[in-house]
Peer 1: 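Have a look at the structure that comes next, please.
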Amino acid sequence: MSEEKSLNFIEDIIEADLAAGKYNSIVTRFPPEPNGYLHMGHATAICLNFGLTKKYPGYTNLRFDDTNPVTEDTEYVDSIKEDIKWLGFEWKNELYASDYFGDLYQYAVKLIDKNLAYVDDLSSEEIATGKGTPTEPGTNSPFRERSVAENLDLFARMKAGEFPDGSRTLRAKIDMAHTNMLMRDPLLYRIKHAHHHRTGDEWCIYPMYDFAHGQSDSIENITHSICTLEFIPHRELYDWLIEKLGIYPSHQYEFARRNLSYTVMSKRKLLQLVNDKHVNGWDDPRMPTISGMRRRGFTAQSIRKFCDTIGIAKRENVTDFSLLEFCLREDLNQSALRVMAVLDPVKLIISNYEDGRTEELSSDNGPDETTGTRMIPFSKELWIEREDFMEEAAKKWFRLAPGAMVRLKSAYIVRCDSFEKDAEGNVTEIHATYFPESRSGADTSGLHVKGTIHWVSAKEAVSAEVRLYDRLFKVENPSSEEGDFKDYINPDSLSVVKAFVEPSLKGARLDQRFQFLRKGYFCLDKEATPGHLIFNRTVTLKDAWAKEAKKN
RNA sequence: UGGGUUAUGGUGUAAAGGUAGCACAACAGAUUUUGAUUCUGUUUGUCUAGGUUCGAAUCCUAGUAACCCAACCA
């Protein structure tokens, strides 16, 4: 029973902290900014933070980092909560950095009192110039030595709304020559006369990330504050502020963000794809957003498994999309109902089958006996997949060709006798004879065939729109290519076909997952209506024949 | 060219001085009424150069490469 899995470096730290008695239980948080939809990158952070407190005593908060009123909205708050729940996690407290605006203001006053912060009248450009460069020290602002009293007065008036946007800021007084650019008197507060999605017009000064995140962690007694690598330089400031403020010492730890091949994973880029209409919204099934993947048919289980499998570390990485697909197929293989659907239909006519006769045949719903069986109609005229027929059989071809025999899944063995073509050379119909004594489950024919193909009875077939998705980008890492990442969009990432599906699919529900036999895993799309079935292809099946065919 | 972070098969991740392991991918075979699943096997790796040690992915020295930092974004 003891599944031995080695610990990641954060678990190492936590176990050491727990063993040393530093904490009896831990508190983590997932801190999204509500300015966009969650994507696979967030899924890693969610699985990590919530997973840690499933494994160790403690809990995880959901905290919205809503300190920038101009980009944030409650629409995003709602979608984020929905996505986390769907992934299967529960937060202890739903909190907002904006809940702490009052505390944060008092912290700022405290810093001013200790002569560790000052009001600066410099413009944005002047401050940037004064910062220096990574190789040259910055210069002190002429306002750096204002008296505590003056700073207190000015900061109060900033809060009172006496000054326009951008006219003044509050800065920490640290060291303009520090080798860490972030320690060169970082901005703590800026003036923004903007409406906030929760505090409305109560505030016109808003704290910067660095004066909100660590303080919020501290207020919530977060023990392990986990973020991505690019925040490493912030840690020094994070610690400095906590120390000077004398508040609860949360600690920041950083891991490498996860990248996935053939897609992009930044809110900025995803927003561009949406705005430029390369996709149809944030939940387009081609998007690496949680909502897009959910609509595509991914299961929460498969995403959790994937995050668990790739683990966490501190090095640059691009994980193969095929690993995600593996986790997906592994889950779907167990849960998906087997059904038959023909995506590129061509007619198969069984010459020796009685006109007008319909037979109900039993077919398995799943990979084992537990999922039961259902009845499907069989008749003289069937739809079969165009690619299952070749005018001249290739090497190792197990499917239909003149003179060749195949089994029709759950039905009879047939032999192809002839076929017809139209003026353009397209095969229009295929004629075959069937062997009555070869019926599935009661086969006394003694015949053996290597191929089994799927089919749908033409008379009972239901037509459906099927959306076939492929990878969104043509290259593994669009962000690291020359030029604009959008130049590498795969123009064939979506193709829509008109298919014939077996009648049982008329009752398909949104929460069901199907395996269209030999074609892949599919799910009903939310745009489907009772009269118009729409299916999304979640992922194809592995296809050994496609590889074989490529070789020849 | 200042500071910081990271280097293990094609990819992701283990090995806390003691047999370089696991998964994906790839390849080969067996089973199969899904060319799926399942099962078996194979190929491929410690950034480089020195050093310490009986023994180094791990410790030391010197290099090299990649990424991050100069937003009133987070």
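Residue numbers begin at 1 in each chain, while the letters A, B, ... track the order of the sequences.
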Peer 1: Can you identify which nucleotide, out of B/A74, B/G35, B/A70, has its nearest atom closest to the A/Lys131 side chain?
Peer 2: B/A70
Peer 1: Counting only Watson-Crick or G-U wobble pairs whose two distances fall under 3.5 Å, which nucleotide matches B/U46?
Peer 2: none
Peer 1: Aromatic rings A/Trp203 and A/Phe101: how do their planes relate, parallel, tilted or perpendicular, breaks at 30° and 60°?
Peer 2: perpendicular
Peer 1: If you look at every strand shown and take non-hydrogen atoms under 4.0 Å, does A/Gln515 touch a base, only sugar-phosphate, or nothing?
Peer 2: base
Peer 1: On a heavy-atom basis, which atom in A/Ser141 and which in A/Asp120 lie closest, and how many Å separate them?
Peer 2: OG-OD1, 2.9 Å
Peer 1: Indicate whether OP1 or OP2 belonging to B/C72 is found under 4.0 Å from a side-chain N or O atom of A/Ser124.
Peer 2: yes
Peer 1: Taking only the P atom of each, what is the distance from B/A16 to B/C27 in whole angstrom?
Peer 2: 34 Å
Peer 1: Can a side chain N or O of A/Arg407 be found less than 4.0 Å away from OP1 or OP2 on B/U34?
Peer 2: no
Peer 1: Give A/Asn68 one of three labels, base, sugar-phosphate or nothing, depending on what nucleic acid heavy atoms sit under 4.0 Å from its own.
Peer 2: sugar-phosphate
Peer 1: Between B/C24 and B/U42, how far apart are the P atoms? Round to whole Å, please.
Peer 2: 15 Å
Peer 1: Which pair of non-hydrogen atoms, one from A/Phe155 and one from A/Val119, has the smallest distance, and what is that distance?
Peer 2: N-CG2, 3.9 Å
Peer 1: At under 4.0 Å between heavy atoms, what does A/Arg329 touch on the DNA or RNA strands: base, sugar-phosphate, or nothing?
Peer 2: nothing
Peer 1: Describe the nucleic acid contact of A/Thr169 in one word from base, sugar-phosphate, nothing, applying a heavy-atom distance below 4.0 Å.
Peer 2: base
Peer 1: Let me know the distance between CD of A/Glu548 and P of B/G35, rounded to the nearest Å.
Peer 2: 14 Å
Peer 1: Less than 5.5 Å between centroids and less than 30° between ring planes, does A/Phe326 satisfy that with B/A23?
Peer 2: no
Peer 1: Identify whether NZ of Lys or CZ of Arg in A/Arg190 sits under 6.0 Å from the centre of the six-membered ring of A/Tyr206 and within 45° of that ring's axis.
Peer 2: no
Peer 1: Distance check: side-chain N/O of A/Arg184 vs OP1/OP2 of B/G3, anything under 4.0 Å?
Peer 2: no
Peer 1: A/Phe231 near the nucleic acid: base, sugar-phosphate alone, or nothing, with a heavy-atom cut-off under 4.0 Å?
Peer 2: base
Peer 1: Measuring only the P atom in each nucleotide, how far is B/U48 from B/U58? A whole number of Å is fine.
Peer 2: 10 Å
Peer 1: Using a distance-only criterion (donor-acceptor N/O pair, under 3.5 Å, no hydrogens), is the base of B/U5 paired with the side chain of A/Arg315?
Peer 2: no
Peer 1: If I pick the P atom on B/U38 and the same atom on B/A56, what distance separates them, to the nearest angstrom?
Peer 2: 40 Å
Peer 1: Would you classify A/Leu122 as touching base, sugar-phosphate or nothing, given that sugar-phosphate means primed atoms plus P, OP1 and OP2, and contacts are heavy atoms under 4.0 Å?
Peer 2: base
Peer 1: Expressed as a whole number of Å, how far does the C1' atom of B/A23 sit from that of B/A14?
Peer 2: 11 Å
Peer 1: For the side chain of A/Leu541, starting at C-beta, report the closest nucleotide among B/U11, B/U34, B/U13.
Peer 2: B/U34
Peer 1: Any idea which heavy atoms bring A/Pro207 and A/Thr67 closest together, and the distance?
Peer 2: O-CB, 3.5 Å
Peer 1: Using a 4.0 Å heavy-atom cut-off across all strands, classify A/Thr71 as base, sugar-phosphate, or nothing.
Peer 2: nothing
Peer 1: Assign A/Pro134 to base, sugar-phosphate, or nothing according to its heavy-atom contacts below 4.0 angstrom with the strands shown.
Peer 2: base
Peer 1: When we call it a touch if two heavy atoms are under 4.0 Å apart, what does A/Ile312 touch: a base, just sugar-phosphate, or nothing?
Peer 2: sugar-phosphate
Peer 1: Tell me, please, whether A/Tyr105 has A/Lys159 positioned over its six-membered ring: NZ or CZ under 6.0 Å from the ring centre and within 45 degrees of its axis?
Peer 2: yes
Peer 1: Does B/C59 pair with anything, Watson-Crick or G-U wobble, both distances under 3.5 Å, and if so, with which nucleotide?
Peer 2: B/G51
Peer 1: Distance between the P atoms of B/U11 and B/G45, in whole angstroms?
Peer 2: 12 Å
Peer 1: Would you kindly check if the NZ (Lys) or CZ (Arg) of A/Arg146 is within the cone defined by 45 degrees around the ring axis of A/Tyr118 and under 6.0 Å from the six-membered ring centre?
Peer 2: no
Peer 1: Output the rounded distance in Å from CE (A/Met390) to C1' (B/G35).
Peer 2: 14 Å
Peer 1: When both hydrogen-bonding distances must be under 3.5 Å and the geometry is Watson-Crick or G-U wobble, what is B/A66 paired with, if anything?
Peer 2: B/U5
Peer 1: Counting distance alone, no hydrogens or angles: does the base of B/U33 have a donor or acceptor under 3.5 Å from a partner atom on the side chain of A/Ser440?
Peer 2: yes
Peer 1: I need the NZ-P distance between A/Lys409 and B/U34, as an integer number of Å.
Peer 2: 5 Å
Peer 1: Looking only at non-hydrogen atoms, find the nearest pair between A/Ile80 and A/Pro32 and report the distance.
Peer 2: CG2-CG, 3.9 Å
Peer 1: Between A/Lys450 and B/U33, does any side-chain N or O lie under 4.0 Å from OP1 or OP2?
Peer 2: no
Peer 1: Need the pair for B/U38. Rule: Watson-Crick or G-U wobble, both distances under 3.5 Å, any strand; none if unpaired.
Peer 2: B/A30
Peer 1: For the pair made of CG in A/Leu332 and C1' in B/U34, what is the distance, rounded to whole Å?
Peer 2: 15 Å
Peer 1: With a 4.5 Å heavy-atom cut-off, do A/Leu332 and A/Ser302 have their side chains touching?
Peer 2: no
Peer 1: Checking all strands, does A/Ile310 fall into the base, sugar-phosphate, or nothing category for heavy-atom contacts under 4.0 angstrom?
Peer 2: sugar-phosphate
Peer 1: When you get a sec, tell me which of B/A74, B/G35, B/A70 is the closest nucleotide to the side chain of A/Thr133?
Peer 2: B/A70
Peer 1: NA contact type, A/Gly166, heavy-atom cut-off 4.0 Å: base, sugar-phosphate, or nothing?
Peer 2: base
Peer 1: Check this one for me: any side-chain N or O of A/Lys192 less than 4.0 Å away from OP1 or OP2 of B/C73?
Peer 2: yes
Peer 1: Should the ring pair A/Phe378 and A/Trp455 be called parallel, tilted or perpendicular, given that the plane angle runs from 0 to 90° and is split at 30 and 60?
Peer 2: perpendicular
Peer 1: Kindly point out which of B/G2, B/U11, B/C68 is positioned nearest to the side chain of A/Glu230?
Peer 2: B/C68
Peer 1: Could you please name the partner base of B/A15, counting Watson-Crick and G-U wobble pairs only when both distances are under 3.5 Å?
Peer 2: none
Peer 1: When you get a sec, tell me which of B/A74, B/U33, B/U13 is the closest nucleotide to the side chain of A/Thr452?
Peer 2: B/U33
Peer 1: Of A/Leu7 and A/Gly441, whose closest RNA chain B nucleotide lies nearer the 5' terminus?
Peer 2: A/Leu7
Peer 1: What nucleotide, of B/C24, B/U34, B/C73, holds the atom closest to the side chain of A/Arg338?
Peer 2: B/U34
Peer 1: Once hydrogens and angles are ignored, does a donor-acceptor distance under 3.5 Å link the base of B/A74 to the side chain of A/His234?
Peer 2: yes
Peer 1: Of all the nucleotides listed (B/G35, B/U5, B/G3), which has the minimum atom distance to the side chain of A/Lys314?
Peer 2: B/U5
Peer 1: For atom C1', what is the distance between B/U52 and B/G4, given to the nearest Å?
Peer 2: 29 Å
Peer 1: Does A/Lys547 have a side-chain nitrogen or oxygen under 4.0 Å from the phosphate oxygens OP1 or OP2 of B/C27?
Peer 2: yes
Peer 1: For the side chain of A/Glu316, starting at C-beta, report the closest nucleotide among B/G4, B/U11, B/C67.
Peer 2: B/C67
Peer 1: Tell me which nucleotide among B/G35, B/C68, B/A25 gets nearest to the side chain of A/Lys542.
Peer 2: B/A25
Peer 1: Would you say A/Thr67 places a side-chain N or O within less than 4.0 Å of OP1 or OP2 belonging to B/A74?
Peer 2: yes
Peer 1: When the nearest nucleotide of RNA chain B is assigned to A/Asn8 and to A/Asp543 on a heavy-atom basis, which residue is associated with the more 5' position?
Peer 2: A/Asn8
Peer 1: Any donor-acceptor pair under 3.5 Å between the side chain of A/Arg518 and the base of B/G35?
Peer 2: no
Peer 1: Roughly how many Å apart are B/C47 and B/A7, using the P atom of each and rounding to a whole number?
Peer 2: 9 Å
Peer 1: Need one value for A/Val318: base, sugar-phosphate or nothing, where a base atom within 4.0 Å counts as base even if backbone is also close, heavy atoms only.
Peer 2: sugar-phosphate
Peer 1: Any side-chain N or O of A/Arg258 less than 4.0 Å from the OP1 or OP2 oxygen of B/U13?
Peer 2: yes
Peer 1: Categorize A/Leu517 for me: base, sugar-phosphate, or nothing, with a 4.0 angstrom heavy-atom threshold over every strand shown.
Peer 2: base
